[in-house]
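Before any comments, here is the structure.
What you are looking at is a predicted structure, and each value in this text was computed from that prediction instead of being measured. Proteins come first, then strands; the chains are lettered A, B, ... in the order of their sequence lines, and each starts at number 1.
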Amino acid sequence: MASMTRRKTVNAVMMTLSTGAAALGLFVLAVILLYLLYKGASALNLAVFTQDTPSPMEPGGLRNAILGSVIMSVIAVAIGTPIGILAGTYMAEYGRYAKLSKVIRFVNDILLSAPSIIVGLFVYQVLVVSLGHFSALAGSVALAILVIPIVVRTTEDMLRLVPDQLREAGLAMGWPRWIVIRTVAYKAAMAGIVTGVLLAIARISGETAPLLFTALSNNFFSLDLTQPMASLPITIFQFALSPYDNWQALAWAGALLITVAVLALSIVARLVTSKKEKH
Amino acid sequence: MTATSDYERGVNSARPVAQSDRIFGTLTLAAAVVVLLVLLGVFVSLVMGAWPALKEYGLPFLWTEKWNPVTEKFGALAPLYGTVVTSIIAMVIAVPVGLGIAIFLTETCPRMLRRPLGIAIELLAGIPSIIYGIWGLFVFAPFMQSYIQPFLIDTLGNVPVIGGLFAGPPYGIGMLTAGLILAMMILPFIASLARDIFQTVPPMLRESAYGMGMTRWEVNRHIVIPHVRTALVGGIMLSLGRALGETMAVTFVIGNAHRISGSILAPGTTISAAIANEFTEATTPIYTSSLIALGLVLFILTFIVLAAAQWMLKRMKQKSGA
C-alpha cells in the first residue's frame, strides 16, 4: 500500500495543479476582457452611435451596423421563437411519448451545436442563390435557424417541469387542452421560456459566420430587407483585418458593444430564472 | 415521468376533442417537423451545392492537397489537415485545464466563491468567438511572434523527432496560434460542462469515499471521474465539435494558406476559415462548389462527433435515472 505521505503529496500536487488551472484560465480570460474594455472604451464616443461606417481614415461610427444587427436579430427572433416554442410544446405536451419526439430531440441537439458557418451555406443556397442577391432577410433567416434549437430545448425542458396535476386541474374544468397549455403550462413555464429566448438573442448577436454570405454587408445606411445590410460582427471582421487605424478602432468599439450586450443579456436571463426559483 | 399520467391517458383515449385543440396540436407538430426539415435541408442543400465539385474531382477530393483557383484544381486535404491539427492543439490544452477548473470548483474552491466563479465561467462561455479572434489578431499573434515562437524554435526546434514541428520563421499567425486561441475559446465551455457533470455524482458516493480516508485527489480520480466517464467523454466530444466548426476565432490568426506544413508554427487554413475567407470571392461555379463541398465534409465530420457526444451524454442521463 502506498504510504500515507506519498498519497498526501500526490494529493497536494494534483490539487495545486487544479487550482493553478483555474487561476490560469481565469487569468487568460480576464486579460482578454480587460484588454477589450481598454481598447473598446478608448474608441467609444457619441459618433459611434450617430454616424455611419466611414471610408478609410475618415471620421465615422457604427450606426448602420448597430441598427442592422438589431433589425436582423429582431426578425430572427420573430421567426425563430414561435417555431421553437411550438416545437417544444409538441415534444412536451402532445407528443411526449411519441417516437418522433425522440428523433427531433436528437436532431435539435445536433442543430444546437452544428457549426454556424454551415447554416450560412445552407441559407445561401436556399435564399441567396434563388433570389439572386444577398439580403438582410437571408441573414435574418440564418440567425433564426440558430434561435430555434435554443428555444426548443428550453421550452421542452421548462414544460416538462410543470407538474401534471396542474394540467389535470385545468382539464377537470372542462377546458380543451390547448387552453390548458396556454393558460396553465405556459404560465408556469414562462420564466424559463423567456430565459431561452434571451440566451438565443445573446447567441445570435455575436454570430458572424452565418452572416458572411447571407446578409453580406453594406457601407451605407439601409432599411431595405431585400438588400445587403451591415451588421456589427461583419463590420468588426472587415475593419479588424483592414490596415486603417480608425477602422481598427471602430472594430474594437464594436467588439466591446457586442460583449457588453451578450453579458447583459445572459445576466438578465439568469435573473429571470432565479427570481422564479425563489417563489 | 415513467408512469403515464391521467392527463396523458385522457389525450390518447377516443374522447372527443375540441376542433380548436386539433388545430393547435397540428400546429405544434408542424413546428416540430420544421426542426427536422432544417437539418435535412442543410444536408440536401450542401450535397446539391457540392455536386459539381464532387462529380469533377470524385472521392480523391478528400486527399488532394492542391487548391488552385486559377487552374481550377481543388482538394480538401490542406483545410482538413488544418482543422484536425488546430482542434487537436485546442483539445490537448483546454481539456486538462478545463477539468482542472471543474475539480477546483467542486472541491478546492472556498464555498463562498463557488457560485460567483461558476457563474463567471458560464458567462464567459457565451462570449462570441469573434472577440477571441480580434484579440488573437492584435494581441496574441504579435506576442507569439516576439516571445513564444522564437523561444520554441530555439529550444524545441533543435530536439530530434519533434524538432520539425517547431521549424521555420516566427510568423506570429499560424496553426499553433489558432489552436491556442481555440483553446481559450472552448475553455469556459469545457469547464462549465465538466462542473455540471461532476455535480451529478451523488454526494453519498463522495462522502463514503472520504469516510474511508481517501484524499481529495483519490476521490476524484477513483470515484468521481469513473462514475461520470461516459458523460465526460460526451462533453469533451461536444467541445471537439465546437472546435472543429469554429470559424471566427480561427480565421483571424490561421494565415489562410492552402498548404500542409510539418511545422505547427506555419500558416495554414481550416475548412471553416477557407469558406469564410474565400466564399464571396469565389468567381467560378466550380470554385464555389468546391467550397460548399468543404462545408459538406465539415458537416459530416461534426455530425459524427456530435452524434457520438449526444449518445454518450444520454447514457449518463439513463444511468442517473432521470
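Contacts between A:Leu33 and chain B at a heavy-atom distance below 4.5 Å involve the side chain alone, from C-beta outward. In this structure, no portion of A:Leu112 lies under 4.5 Å from any heavy atom of chain B. Only the side chain of A:Ile258 comes within less than 4.5 Å of a heavy atom in chain B; its backbone stays farther off. Only the side chain of A:Leu36 comes within contact range of chain B, with heavy atoms under 4.5 Å apart. Contact of A:Ile179 with chain B is not made at all, since no heavy-atom distance falls under 4.5 Å. Contact annotation for B:Leu29: both backbone and side-chain heavy atoms come within less than 4.5 Å of a heavy atom of chain A. Contacts of A:Ile148 with chain B are made by side-chain atoms alone, with heavy-atom separations under 4.5 Å and no backbone atom involved. Heavy atoms of A:Leu26 lying under 4.5 Å from chain B belong exclusively to its side chain. Neither the backbone nor the side chain of A:Val129 comes within less than 4.5 Å of any heavy atom of chain B. Of the atoms belonging to B:Arg242, not a single heavy atom falls under 4.5 Å from chain A. Only the side chain of B:Val34 comes within contact range of chain A, judged by heavy atoms closer than 4.5 Å. If you measure heavy-atom distances from A:Tyr124 to chain B, the contacts under 4.5 Å come from the side chain alone. Of the two parts of B:Val42, the backbone and the side chain both hold a non-hydrogen atom closer than 4.5 Å to a non-hydrogen atom of chain A. For B:Glu122, the part lying under 4.5 angstrom from a heavy atom of chain A is the side chain only. The contact between B:Leu137 and chain A is made entirely by side chain atoms (from C-beta outward), counting heavy-atom distances below 4.5 Å. For A:Ala240, the parts sitting under 4.5 Å from any heavy atom of chain B are the backbone and the side chain alike. Interface remark: B:Leu238 contributes side-chain atoms only to the contact with chain A (heavy atom separation under 4.5 Å). Both the backbone and the side chain of A:Leu212 come within contact range of chain B, with heavy atoms under 4.5 Å apart. Using a 4.5 Å cut-off between heavy atoms, B:Leu36 touches chain A through backbone and side chain atoms alike. Within the 4.5 angstrom heavy-atom criterion, only side-chain atoms of B:Leu117, from C-beta onward, approach chain A.
Comparing A:Val262, A:Asn108, A:Ile104 by heavy-atom pairs within less than 4.5 Å of chain B, the highest count is held by A:Ile104. Contact count against chain A (heavy-atom pairs under 4.5 Å) is highest for B:Trp135 among B:Phe24, B:Tyr132, B:Trp135. Between chain A and the options B:Leu244, B:Thr251, B:Thr280, B:Leu39, the largest number of non-hydrogen pairs under 4.5 Å is found for B:Leu39. Across B:Gly126, B:Ala307, B:Ala309, the residue that shares the most heavy-atom pairs under 4.5 angstrom with chain A is B:Ala307. Chain A forms the most heavy-atom pairs under 4.5 Å with one residue out of B:Leu105, B:Ile119, B:Leu27, and that residue is B:Ile119. Contacts with chain B were tallied for A:Pro176, A:Gly84, A:Ser113; A:Ser113 has the most, counting heavy-atom pairs under 4.5 Å. The candidate with the highest count of non-hydrogen atom pairs below 4.5 Å against chain A, out of B:Phe303, B:Trp217, B:Trp311, is B:Trp217. Of the residues considered (B:Val97, B:Val35, B:Ile103), B:Val35 shows the highest number of contacts with chain A, using heavy-atom pairs under 4.5 Å.
Within the model, atoms CG of B:Leu296 and CD1 of A:Ile118 stand 8.0 Å from one another, a figure rounded to the nearest 0.5 Å. Between B:Asn220 atom CG and A:Met15 atom CE the span is 5.0 Å, to the nearest 0.5 Å. Residue A:Ile234 holds its CD1 atom at 6.5 Å from CE of B:Met248, rounded to the nearest 0.5 Å. A distance of 10.5 Å separates CD1 in A:Ile117 from CD1 in B:Ile271, rounded to the nearest 0.5 Å. The line from CG of A:Asn11 to CE of B:Met214 is 11.0 Å long, rounded to the nearest 0.5 Å. Put simply, CD1 on B:Ile130 and CD on A:Glu207 are 10.0 Å apart, with the number rounded to the nearest 0.5 Å.
Screening A:Ile83, A:Ile145, A:Val107 against B:Val38 for a side-chain contact (heavy atoms from CB on, under 4.5 Å) leaves a single residue, A:Ile145.
Minimum interatomic distance between A:Ser18 and B:Phe104 (heavy atoms only, all atoms of both residues): O-CB, 3.8 Å. Residues B:Ile134 and A:Ile236 come closest through the heavy atom pair CD1-CG2, 4.1 Å. Contact between B:Leu123 and A:Ser266 at its shortest, heavy atoms only, is CD2-CB, 3.3 Å. A pairwise comparison of heavy atoms in A:Arg177 and B:Asp21 identifies CB-OD2, 3.2 Å as the closest pair. For the residue pair A:Gly25 and B:Leu187, the shortest heavy atom distance occurs at CA-CD2, 3.7 Å. Across B:Gly100 and A:Ala21, no two heavy atoms sit closer than the pair CA-CB, 4.0 Å.
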>> For a ring pair (Phe, Tyr, Trp, His ring centres under 6.0 Å) check, start with the C-alpha distance between B:Phe138 and A:Tyr35, then their side-chain angles and the critical distance, and finish with the verdict.
In response: CA-CA 10 Å; B:Phe138 286 117; A:Tyr35 192 83; 8.7 Å; no
> Would A:Tyr94 and B:Thr26 count as a side chain to side chain contact (heavy atoms under 4.5 Å, CB included) if you check the C-alpha gap in whole Å, the side-chain angles of each, and the deciding distance to 0.1 Å?
Replying inline: CA-CA 9 Å; A:Tyr94 288 97; B:Thr26 316; over 6 Å; no
> Run the ring pair (Phe, Tyr, Trp, His ring centres under 6.0 Å) check on B:Phe252 and A:Phe237 step by step: do they pass?
Replying inline: CA-CA 8 Å; B:Phe252 279 101; A:Phe237 180 55; 5.5 Å; yes
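Taking 4.5 Å as the limit, every side-chain heavy atom of A:Glu93 sits out of range of all side-chain heavy atoms of B:Thr28. Using a 4.5 Å heavy-atom cutoff, the side chains of B:Ile275 and A:Phe213 are in contact. Using a 4.5 Å heavy-atom threshold, the side chains of B:Val33 and A:Tyr90 count as separate. Side chains of B:Ile292 and A:Gln125 form a contact here, defined as non-hydrogen atoms less than 4.5 Å apart. Contact annotation: the side chain of A:Leu121 approaches that of B:Leu46 to within less than 4.5 Å [non-hydrogen atoms, C-beta and beyond].
Atom OH of A:Tyr38 has 12 or fewer heavy atoms from other residues, nucleotides or ligands within 6.0 Å. For B:Arg114, the CZ atom counts as densely surrounded, since its 6.0 Å shell holds more than 12 non-hydrogen atoms of other residues, nucleotides or ligands. Annotation for B:Phe43: atom CZ does not count as buried by contact number, only 12 or fewer foreign heavy atoms lying within 6.0 Å. Atom CZ of A:Arg105 has more than 12 heavy atoms from other residues, nucleotides or ligands within 6.0 Å.
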